[in-house]
Amino acid sequence: MQVWEPYALGETTSLRAGAVEVALAGAGEARVTPLAGGVWLIDAPAATAAQWRVPCVGVTAFWTPAGGARWVPPIWSAPLVSRLSAGAPVVSLVGTAGVNVCTVGADEPAGQVSFTGGVVEETGEFVFTLRGEGLRFRLDLSGRHFSVTVGEVAEWWREAAGELPPVPGSARLPVYSTWYGMHQDVSAAAVERQARLAADLGCATVILDDGWQTADRARGYAFCGDWEPNTATFPDMSEHVARVRELGMAYLLWYALPFVGKHNAAFDRFQGRFLRYLDHMDAAVLDPRHPEVRAFLVGRLARAVEEWGMDGLKIDFVDRFATPGGDPAPGEGADCARVDEGVRRLLHDLDVRLRRTAPGLLVEHRQPYSGPGLWPYANMIRATDCPLSPQENRQRTVDLRLAAGPVAVHSDMILWHPDEPAEQVAVHLINALFSVPQISVDLAAQRPDQLAALRFWLGIFRRHLATLQLGALRPEQPEHGYPLVRAYDGQTTIVARYSPLPVEVPASGDLLVANAVADPRVVLHGAGAVRAEVRDCGGALTGTAELRLDGARVVDVPMGGLLTLRRV
C-alpha cells in the first residue's frame with residue numbers, strides 16, 4: 001500500500017531501539033545505548049533528522065511543553081520548533097490512564113530542533129520526525145506514567161547542565177504583581193500601598209511591571225528602550241525600593257528586553273542593528289549579535305540592582321528575538337551568526353555582572369522560553385498570559401512543572417472581577433496550587449470575604465510549599481486539561497479536584513483535598529480509620545468527623561474549600 005509521507009528523509013541508515021526502528025538521515029556513525037527498561041539514548045552527531053513510528057494503540061493525547069490543545073495531530077501538522085529563545089525540546093505521546101506511549105527529549109539546550117509528529121491515516125501509526133544539526137536524544141517506550149518520563153528528560157538536561165545557580169527560597173513564595181491590577185497606571189505611592197497589603201496577606205515579593213518607565217498609558221511599547229524611570233510617578237526609585245523592602249518584600253523590575261520604541265533615544269542610536277520593526281508595537285527588536293547592543297542592555301538592566309537596590313528582574317519577551325522565517329543575515333559589526341547565540345551571550349553577561357552585587361538574584365522568565373538552555377540565567381518561570389482563565393493557568397503551570405527542572409514555576413497573574421464570590425476567588429487560587437501564585441488585583445478594593453479566601457489559600461501555599469512545589473507531581477488525563485492533580489512527598493499527599501472525580505486515599509500520611517468544583521460530594525476510596533476536617537473557602541471550620549473507610553465514602557466539601565484527612 002502506498003502511504004503518503006510528507007516528511008520522507010531520503011537516503012537513511014537504520015538502527016533499533018527495542019521494537020522501534022529509527023531511520024537516520026546523514027547519520028555517519030551512530031550509537032544506541034540502553035539506559036533502563038524501555039529507555040534508549042541515541043547518539044548521532046552527524047545526523048540531520050531521525051524518524052520512527054509507533055502504533056496508535058490506546059493513544060489519547062500528544063503532550064508538548066507549549067501547552068494548548070491535547071489532540072493527537074495528523075501527519076501534516078506543522079513542526080514544533082524548539083530553540084534557546086523559545087520552547088523546550090521534549091514531547092510525549094500519551095495513552096489511556098496517562099501511560100507513556102513514546103516520550104522523546106533532545107539534548108539541544110542552545111541549538112534549534114524541530115519535532116513533527118502525527119498520525120498516518122492509512123496505517124494508524126504515529127510518526128515522529130526529529131530534525132537538528134547533529135542529534136542526541138532519549139527515546140522512552142517504557143509504558144510508565146507520562147509525567148515520570150517527561151520529568152526524567154528534565155533531570156537528564158539538569159545533569160548535563162552541570163552546576164546551576166541556586167533557586168533562592170524567596171523564588172517559591174507568593175508574589176504580588178502590578179500588571180493586571182494596575183496596568184501602566186503605576187506610581188511609587190500606589191505600589192507601596194499594594195505592597196503593604198500584599199505582605200499582610202502572605203506575599204513575599206512585588207513585581208513592578210510596565211509603566212514605571214513612561215507617562216504614556218496607551219499600552220504600547222513606543223516608550224521602551226531607554227529604561228529611565230518616569231520621575232513624575234517615581235521621583236526617587238532608590239528610596240521607593242528601600243521602602244518596599246522595609247516591608248520584608250523582595251522587589252523585581254520589569255524589562256521588555258528586546259524592544260526599543262520609536263520615542264526613545266536608543267531607537268536612533270541603534271538604527272541598523274535591529275532584527276525587525278513591529279508596527280503593531282511601535283517598537284523594533286534589537287539584534288543581540290552586536291556587542292554594543294548587548295553592552296547597552298546589560299548596563300540598563302544592571303542599574304535596577306546596582307543603583308536602585310532591586311532584588312531581581314522580570315525579563316519579558318525573550319521569545320521575540322526569534323524571527324519568523326529564520327535569522328536575518330548578521331549586519332556589520334556582529335560577532336556571532338546566530339541570534340540565539342547573541343541571546344545567550346547577552347543573558348550570560350547580565351548574569352555574571354549582577355551576581356557580583358546580588359548572589360541571591362531573582363530572575364523571572366516566561367513561557368514559552370522555558371528550555372534548559374536558559375536555566376543558568378533564570379530561577380523563576382511564569383505561565384504565559386491567560387488573564388481570568390483559571391483552567392488555562394492550571395494546565396500551563398502543570399506543563400511547566402513537568403519539564404522546568406530546578407526552576408520555580410509561577411502562575412500567570414491571578415485576577416478576578418470585583419463582584420466575584422469568595423468561593424470563585426478560591427477556585428482561581430486552587431487552579432494554580434502546584435505553582436507559585438502571582439496575585440494581581442487591587443487589594444484595597446477587596447471585600448472581607450475575598451480577602452479571607454486569599455489569606456487562607458496563600459497560607460496553604462506557604463505551609464505546604466515542600467509538598468506542592470518540591471514533591472512528586474502526578475497530573476491525570478492531559479487530554480482533559482488535568483481534571484485531577486496530586487503532589488506527594490512521602491508524608492503528605494495533596495490533591496486538587498477540578499472535576500467531580502473520585503480521590504484515592506493513601507495508605508499512610510496526611511491527605512489534603514482542594515475542591516475547585518461546584519459539586520461538594522467528594523468520593524473517597526480507601527481503607528482504615530481517618531479523622532476528617534472540612535474548611536470553607538475562607539478557612540472557617542465547617543465540620544469534623546472520624547470516618548471508617550471501606551471502599552467508597554462521600555464527604556461534602558464546599559467549592560473552594562479544603563478537606564484534610566489524618567490517620568487515627
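All residue numbers in this chain count up from 1 along the given sequence.
- Remark: the backbone N or O of Arg83 is not paired with any side-chain donor or acceptor of Asp340 at under 3.5 angstrom.
- Residues Asn379 and Leu362 are in side-chain contact: their nearest non-hydrogen atoms beyond the backbone lie under 4.5 Å apart.
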> Does the pair Thr129 and Gln51 meet the rule for a side-chain hydrogen bond (donor to acceptor under 3.5 Å, both in side chains), with working shown?
Replying inline: CA-CA 4 Å; Thr129 305; Gln51 190 175 88; 2.9 Å; yes

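- Distance check, rounded to the nearest 0.5 Å: CD of Gln112 to CG of Leu84 gives 11.0 Å.
- Both tests do not hold together for Arg474 against Tyr482: distance to the six-membered ring centre under 6.0 Å, angle to the ring axis within 45°.
- A salt bridge is absent between Glu504 and Arg486: the closest approach of a Lys/Arg side-chain nitrogen to an acidic carboxylate oxygen does not fall below 4.0 angstrom.
- Applying the 6.0 Å contact sphere to CD of Glu133 captures no more than 12 heavy atoms from other residues, nucleotides or ligands.
- The local environment of CZ in Arg276 is crowded, with over 12 non-hydrogen atoms from other residues, nucleotides or ligands closer than 6.0 Å.
- Between Trp254 and Tyr221, the two ring planes are tilted [angle within 30° to 60°].
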> Is there a side chain to side chain contact (heavy atoms under 4.5 Å, CB included) between Leu257 and Leu347 once you walk through the steps?
Replying inline: CA-CA 10 Å; Leu257 186 64; Leu347 296 175; 4.1 Å; yes

>> Quick one, Asp107 with Arg138, criterion salt bridge (Lys or Arg N to Asp or Glu O under 4.0 Å). Give me CA distance, side-chain angles, the key distance, then yes/no.
In response: CA-CA 8 Å; Asp107 183 21; Arg138 282 173 54 108; over 6 Å; no

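- In terms of heavy atoms, Met380 sits closest to Val407 at N-CG1, 3.5 Å.
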>> Is there a side-chain hydrogen bond (donor to acceptor under 3.5 Å, both in side chains) between Thr467 and Asp489? Walk through the geometry before answering.
In response: CA-CA 6 Å; Thr467 307; Asp489 61 6; 2.7 Å; yes

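- Between atom CG of residue Leu454 and atom CH2 of residue Trp416 there is a gap of 4.5 Å, rounded to the nearest 0.5 Å.
- Of the listed residues (Trp52, Phe137, Phe115), just one forms a ring-ring contact (aromatic ring centres under 6.0 Å, His included) with Phe128, and that residue is Trp52.
- Residues satisfying the ring-ring contact (aromatic ring centres under 6.0 Å, His included) criterion with His525, sequence neighbours excluded, are absent altogether.
- For the ring-ring contact (aromatic ring centres under 6.0 Å, His included) condition, the pairs that include at least one residue of residues 366-385, sequence neighbours left out, are His365-Tyr369.
- A donor-acceptor contact shorter than 3.5 Å is absent between the side chain of Ser77 and the backbone of Gly118.
- Here the side chain of Thr178 pairs a donor or acceptor atom with the backbone of Asp209 at under 3.5 angstrom.
- Of the possible donor and acceptor atoms, none in the side chain of Asp412 sits under 3.5 Å from a partner among the backbone N and O of Asn393.
- Residues passing the side chain to side chain donor-acceptor pair (under 3.5 Å) test with Arg497, sequence neighbours excluded: Asn515.
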Can you list, pair by pair, the side-chain donor-acceptor contacts under 3.5 Å of residues 8-26, counting residues two or more places apart and other chains?
from  : atom 1 : to    : atom 2 : distance (Å)
Ser14 : OG     : Glu21 : OE2    : 3.2
Arg16 : NH2    : Ala19 : O      : 2.9

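- Using a 4.0 Å cut-off between charged side-chain N and carboxylate O, Arg219 and Asp210 make no salt bridge.
- Summarising the geometry of Ser499 relative to Val517, their closest heavy-atom pair is N-CG1, 3.3 Å, with the distance given to 0.1 Å.
- Qualifying ring-ring contact (aromatic ring centres under 6.0 Å, His included) partners for Tyr255, counting only residues two or more places apart in sequence or in other chains: Trp212, Trp227.
- When every heavy atom of Ala97 is checked against every heavy atom of Glu476, the shortest pair comes out as O-OE1, 4.4 Å.
- With hydrogens and angles ignored, the 3.5 Å screen pairs no side-chain donor or acceptor of Asp536 with any backbone N or O of Gly561.
- With hydrogens and angles ignored, the 3.5 Å screen pairs no side-chain donor or acceptor of Ser82 with any backbone N or O of Val113.
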> Should Phe461 and Leu433 be marked as a side chain to side chain contact (heavy atoms under 4.5 Å, CB included) after you check the CA-CA gap, both sets of side-chain angles, and the distance that decides it?
Replying inline: CA-CA 7 Å; Phe461 278 97; Leu433 190 60; 4.0 Å; yes

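- Using a distance-only test at 3.5 Å, with no hydrogens or angles considered, a donor-acceptor pair links the side chain of Arg401 to the main chain of Phe434.
- The closest donor-acceptor contact from the side chain of Tyr488 to the backbone of Val495 lies at 3.5 Å or more, if one exists at all.
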>> Assess the residue pair Arg338 and Asp327 against the criterion (salt bridge (Lys or Arg N to Asp or Glu O under 4.0 Å)); give the C-alpha distance rounded to whole Å, side-chain angles, the decisive distance to 0.1 Å, and a yes or no.
In response: CA-CA 7 Å; Arg338 293 185 176 181; Asp327 294 350; over 6 Å; no

> So Arg53 and Val120, side chain to side chain contact (heavy atoms under 4.5 Å, CB included) or not? Walk me through it.
Replying inline: CA-CA 9 Å; Arg53 298 166 177 250; Val120 178; 4.3 Å; yes

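- Here the closest heavy-atom approach between residue Phe321 and residue Val339 is recorded as O-CG1, 3.5 Å.
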> Asp385 and Arg382: side chain to side chain contact (heavy atoms under 4.5 Å, CB included), yes or no, with the steps?
Replying inline: CA-CA 9 Å; Asp385 298 15; Arg382 178 176 63 83; 3.2 Å; yes

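- For Trp457, the ring-ring contact (aromatic ring centres under 6.0 Å, His included) test picks out no residue, with sequence neighbours left out.
- Smallest separation of non-hydrogen atoms from Ser142 and Gly37: CB-O, 3.4 Å.
- Under the 4.5 Å side-chain criterion, counting only non-hydrogen atoms from C-beta, Gln424 is in contact with Val427.
- Rounding to the nearest 0.5 Å places CD of Gln469 at 7.0 Å from NE2 of His410.
- Taking CG from Leu346 and OG from Ser85, the interatomic distance works out to 11.5 Å, rounded to the nearest 0.5 Å.
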>> Gln367 vs Arg396, test: side-chain hydrogen bond (donor to acceptor under 3.5 Å, both in side chains). Steps then yes/no.
In response: CA-CA 9 Å; Gln367 203 178 32; Arg396 290 188 177 280; 3.2 Å; yes

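- Judged by distance alone, the side chain of Glu121 and the main-chain N or O of Ile75 form no donor-acceptor pair under 3.5 Å.
- A distance-only check finds no donor-acceptor pair linking the side chain of Trp156 to the backbone of Ala106 [under 3.5 Å].
- Val59 approaches Val72 most closely through the heavy-atom pair CG1-CG2, 3.6 Å.
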